[in-house]
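To find a chain, count down the sequence lines: A is the first, B the second, and so on, and within it residues start at 1.
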Amino acid sequence: MRKLWRGSGVHLGLCFLSMFAMIPLLWMLSVSLMSPGEASSFPPPLLPQNPTFDNYRQLFEYSSMGRNFLNSLFVASAATLLSLTFNVSAGYAFAKLEFKGRQLLFRWLLSALVIPAQVSMIPLFLMLKGMGLVNSWIGVLIPFVASIFGIFLVRQYALSIPTEMIEAARIEGASELRIFRSVVLPLLKPILITLGLFTFLAAWNDFFWPLIVLTDSEKYTLPIALASLSREHVQDVELMMAGAVVTVTPVLVLFMALQRFYMSGTLAGSVKG
Amino acid sequence: MSSLTLRNIHKNFGNTAVLSGIDLDVADGEFAVIVGPSGCGKSTLLRTIAGLEDLDEGTVTIGESDVTNLPPSKRGIAMVFQSYALYPHMTVYENMSFGMKIAGSSAEEIDRAVRTAAETLGLTALLDRKPKELSGGERQRAAIGRATVRRPSIFLFDEPLSNLDASLRVKMRHEFVRLHETLETTMIYVTHDQVEAMTLADRIVVLRDGRIEQTGSPHELYTYPANRFVAGFIGSPAMNFLAGSVVETRLAQTIVRLASGTTIQVKVGSGELSPDSPVTLGIRPEHLTTGGDHNLVETEIKFVEPLGSHSYVYLETLDADEPLIFRASGDFRGAKGDKLAVGISANNCHLFGEDGKVL
């Protein structure tokens, strides 16, 4: 009985704490359904008086939010695909394949982790400019192709795959590519989902890099579009909130749907299995 | 089916020599067990036969062909690992058919081979299960099944029973014997457990520090160990060793003085050894006796291990650093602290010289 009370107490406490995260999101949703100017009245209302989808209609009809949404979807999906392709194969190679200088190269890569991303942005931009890739999709996607963190994440997980399993497949005549595809990839599923989710969220939410690289508003992703919207419609809080809902909802839904795998991926290797 | 020939195998990891000049011949259809303590290089030796480790020197020949530079898949071998190494996301059927699928066999051919192997190993009812749904013994059988499906010319087993509990290990030992009789294929089996080696092998290869100490049938190794290491390693409980020195040598007979001054007559010739040469006398627990009147060693009982059918009695004596182990009958009634004079059977003694080699 005491256990039950204690459990309920912990749950109540957690519910209370989760309100701090939930309330701004819920209010964002509520404001997005309000009529123009309603949210700016004092005291600000919690719920819309006459809920309306006008803001969403205006967003998709008069601004290019629909196109921006598709741009973001394309960039985030392509970044995820690229990141998985390169990070997973590199992470596996660092964990399980024997090649000269493996440890040295990995340590060298890890040491580069301490360099903040912002430091490399200007040189990267200048390089892309030299190659004529500014204002191109390739330019936006390049930072996502391979990340040291992604390689590290996959490597740590791949270390837990028994080498004997790979050797058994080698004895059975499987090529290295076949081993990777048929034996290793299915075992890496939790980390694939985790890394995929990380990359998708990062690419979807990324503001700074697309802002630097993209000059054509046709190619703007949602965060940049939202920023320009807030500049143009500084008074239209309701419209901006509708834009924020459109930006946040897909990643929130994706995270909720995959959080079970995400947790097992991030916790992997933390305890002896 | 194929024979295996290893010639002058050398393997180093960095500056550490793991295998040093291994020469070994395993006949077609033979069950050879490589046994030795941890770190002796037995698993490395098996992996070099499989092609999973590159050699620094030497040749590996399977049947008539030199496979030294061939990849594992081209050697016609199958290997069963200690951890089973089953693919966890595949069913037993998929695990067993993986190799044949890669080889491009037809679906009917694969199905026939998998079902035949499954029947031999009693796996038919488990074919649709995944490894996590199997018990330890079933996993082991599935791993063996995966190896047999491809009909290799040599089977390699790397400590396959070490993850099983004691009773299952005995059962699986019988399975291995039956499998060998059914398949009549050359099998090379690595273990650190000398009981497994004794019960399974046609021939045992004792390895220490990357060198072969002795090869021979289980009976040969038990009865005629080539050196002190083999004598101590083969047999459970281990052979008793008593340090002494030569008093007198005659034809096929030696008189040895033990540390306490007791003299023991041993029916072993010690050849050229001069009086006072240090020797070690070895005697197995079952060759110690009570009730005789010569070759007696005075001891005190430290501990009795009753096992029902017989008891192991641990005896402290001035003549040995380690307690002597005496295999007594099941109704042995001695207790801790009792004095006991045990006789050393002159016909069953082994004498080892200073270099550890048998005399």
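Nearest heavy-atom pair across Glu164(A) and Phe81(B) is OE1-CB, 3.3 Å. Listed here is the closest heavy atom pair of Ile77(B) and Ile171(A): O-CG2, 3.7 Å. Of all the heavy atoms in Gly173(A) and Ser73(B), the pair that sits closest is CA-CB, 3.2 Å.
Heavy-atom contacts from other residues, nucleotides or ligands closer than 6.0 Å to CZ of Phe16(A) number 12 or fewer. Summarising the local packing, CG of Asp54(B) is surrounded by 12 or fewer heavy atoms from other residues, nucleotides or ligands at distances under 6.0 Å. Counting non-hydrogen atoms of neighbouring residues, nucleotides and ligands closer than 6.0 angstrom, the CZ atom of Phe207(A) exceeds 12 such neighbours. Summarising the local packing, CZ of Arg151(B) is surrounded by 12 or fewer heavy atoms from other residues, nucleotides or ligands at distances under 6.0 Å. Residue-environment remark: CD (Glu119(B)) stays at or below the threshold of 12 foreign heavy atoms within 6.0 Å. Heavy atoms of other residues, nucleotides or ligands lying less than 6.0 angstrom from CE of Met131(A) number more than 12. Counting non-hydrogen atoms of neighbouring residues, nucleotides and ligands closer than 6.0 angstrom, the CD1 atom of Ile138(A) reaches no more than 12 such neighbours.
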Show, in sequence, the C-alpha distance, side-chain angles and deciding distance for Arg146(B) and Glu172(A), and conclude whether the side-chain contact (heavy atoms from CB on, under 4.5 Å) test is met. CA-CA 9 Å; Arg146(B) 184 173 65 180; Glu172(A) 292 200 279; 3.6 Å; yes
Between Ser182(A) and Tyr87(B), does a side-chain contact (heavy atoms from CB on, under 4.5 Å) hold up when you go through it step by step? CA-CA 9 Å; Ser182(A) 302; Tyr87(B) 312 123; over 6 Å; no
Go through Glu167(A) and Met79(B) one step at a time and tell me if the side-chain contact (heavy atoms from CB on, under 4.5 Å) criterion holds. CA-CA 9 Å; Glu167(A) 288 174 341; Met79(B) 187 160 170; over 6 Å; no
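Per-residue heavy-atom pair counts under 4.5 Å with chain A were compared for Ala103(B), Ala50(B), Pro88(B), and the maximum is reached by Pro88(B).
Within the 4.5 angstrom heavy-atom criterion, no atom of Met100(B) approaches chain A. For Ser175(A), no part sits under 4.5 Å from any heavy atom of chain B, backbone or side chain.
The CD1 atom of Ile179(A) sits 7.5 Å away from atom CD1 of Ile102(B), with the distance rounded to the nearest 0.5 Å.
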